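The structure under discussion appears below in the form of structure tokens.
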Number of protein chains: 2
Amino acid sequence: MCNAPWLTGPQLRAWMRFVAVVELLPGVLDTQLQRDAQLSHFEYFVMAMLSEAPDKTLRMTDLADHTNATLPRLSHVVARLEKRGLVARTRCAEDRRATNATLTESGWEMIQASAPGHVRNVRDNVIDLLTDEQVGQLEAISEALLQKLDPANRMHVRGE
Amino acid sequence: MCNAPWLTGPQLRAWMRFVAVVELLPGVLDTQLQRDAQLSHFEYFVMAMLSEAPDKTLRMTDLADHTNATLPRLSHVVARLEKRGLVARTRCAEDRRATNATLTESGWEMIQASAPGHVRNVRDNVIDLLTDEQVGQLEAISEALLQKLDPANRMHVRGE
DNA sequence: AAGCTTTGGTTGTTGCTTCAACTAAAGCTA
DNA sequence: TAGCTTTAGTTGAAGCAACAACCAAAGCTT
């Protein structure tokens with residue numbers, strides 16, 4: 001297709017398959033959550049991050065980091081979740097520029113209720129399709145990619 | 001490979017990292033192509049599929065399969081590309097319901113010109129971060145996932 | 001303390017994706 | 001050949017994301 005530095009055969013095969021997976025997977029995650037909880041995967045992820053935070057509360061900036069969202073995107077999403085009563089926003093006392101987002105009781109129940117189905121979906125479409133060895137390989141590969149894609153470790157994915 | 005409701009430690013670590021990669025990678029691909037060619041990754045992919053087809057022409061339905069797009073999505077995208085003179089649409093003679101999309105000379109030049117930068121980007125952010133062994137593992141893992149994500153092999157990713 | 005800069009967040013506009021009609025050509029059935 | 005169904009594709013409306021402009025509180029600098 002060109003005279004430039006292209007990929008070798010094995011590299012090209014790996015890339016074509018991998019990029020197909022990256023294209024297809026978000027749809028699979030979104031579809032199940034939309035059907036079962038009327039939540040996009042991103043909304044679910046936002047609420048999941050809040051559910052693991054102390055007091056189920058995070059400042060918008062921190063939450064944006066955890067979810068790899070821009071602040072405008074997060075602001076809109078949290079506004080929608082707030083309208084549905086799943087999250088509450090409160091002005092931060094120490095720094096009155098800041099806003100805290102808190103998972104409400106209702107939001108907590110929503111996450112609790114939808115987690116099993118989501119995990120089932122992740123198993124069915126990813127984890128259970130791989131051997132234990134491949135799961136380990138996938139972790140190492142993802143770890144290597146994240147050092148470039150997310151050098152500051154914004155998504156806080158190291159160490160649970 | 002058990003059937004438990006939650007994920008085991010290693011599975012959870014692998015999933016968290018992998019989902020972060022899936023979230024971050026599209027942005028990296030889009031940003032470079034947008035900057036260098038005013039093309040989204042999807043638009044690039046559409047044109048790349050056309051460039052490899054006989055006569056650089058594909059029916060809309062086939063093109064939709066190759067790119068995992070819905071027909072409406074593809075129709076809109078091709079309309080935009082046509083407006084920019086990169087793709088041309090013509091009625092199919094044998095089946096007058098059908099539309100053929102053809103990569104124009106200008107579109108061909110655009111792909112030729114942007115391919116090296118795109119490949120460079122893929123190398124920098126994915127391939128060159130992995131060992132040859134990991135590239136092989138990634139292919140096998142992606143292949144396993146695609147059998148579930150794309151059972152009909154719509155994205156025609158087999159066999160180079 | 002006045003004035004500039006930085007930080008934290010929200011709002012509005014534009015563009016793309018999805019979903020739901022809708023048109024038109026084929027194909028089938030009687 | 002009339003009438004129904006399926007297939008191919010387009011179009012329009014609605015919703016979410018990216019970007020830019022904006023406001024307000026903090027923090028510096030003098």
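Reckoned from all heavy atoms, side chains included, excluding hydrogens, waters and symmetry mates. Keep in mind that what you see is a predicted model, and the values were worked out from it rather than measured.
A search for side chain to side chain donor-acceptor pair (under 3.5 Å) contacts involving B:Glu23 returns nothing, not counting sequence neighbours. Taking the salt bridge (charged side-chain N to carboxylate O under 4.0 Å, His left out) definition, one finds that A:Asp62 meets it with nothing, sequence neighbours left out. Partners of A:Tyr44 according to the ring pair (Phe, Tyr, Trp, His ring centres under 6.0 Å) rule, which considers only residues two or more places apart in sequence or in another chain, are A:His118. Under the ring pair (Phe, Tyr, Trp, His ring centres under 6.0 Å) criterion, B:His66 pairs with B:His156, sequence neighbours left out. Judged as a side chain to side chain contact (heavy atoms under 4.5 Å, CB included), and not counting sequence neighbours, the contacts of B:Glu105 are B:Trp108, B:Glu109. With sequence neighbours excluded, no residue satisfies side chain to side chain donor-acceptor pair (under 3.5 Å) with B:Asp30.
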Which atoms of nucleotides 27-29 of chain D (N or O only) lie under 3.5 Å from a protein N or O atom, and what are those distances?
none

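Here D:dC16 presents its C1' atom at 16 Å from NE2 of A:His41, a figure rounded to the nearest Å.
Nearest nucleotide to the side chain of B:Arg96, out of D:dA25, C:dT10, C:dA26: C:dA26.
Residue pairs meeting the salt bridge (Lys or Arg N to Asp or Glu O under 4.0 Å) criterion with at least one member in residues 37-49 of chain A, sequence neighbours excluded: A:Glu43-A:Arg80. Under the side-chain hydrogen bond (donor to acceptor under 3.5 Å, both in side chains) criterion, the residue pairs touching residues 124-137 of chain B are B:Arg120-B:Asp124, B:Asn121-B:Asn125, B:Arg123-B:Asp128, with sequence neighbours excluded.
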Return all side-chain donor-acceptor pairs below 3.5 angstrom for residues 45-60 of chain A, not counting sequence neighbours, or 'none' if the list is empty.
| unit_1 | atom_1 | unit_2 | atom_2 | d |
| --- | --- | --- | --- | --- |
| A:Ser51 | OG | A:Ala48 | O | 2.6 |
| A:Thr57 | OG1 | A:Asp55 | O | 2.7 |
| A:Thr57 | OG1 | A:Thr102 | OG1 | 3.0 |

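The stretch residues 22-40 of chain B does not touch DNA chain C, since none of its heavy atoms comes less than 4.0 Å from the strand. Listed in residue order, the members of residues 70-80 of chain B having a heavy atom less than 4.0 Å from DNA chain D are B:Leu71, B:Pro72, B:Ser75, B:His76.
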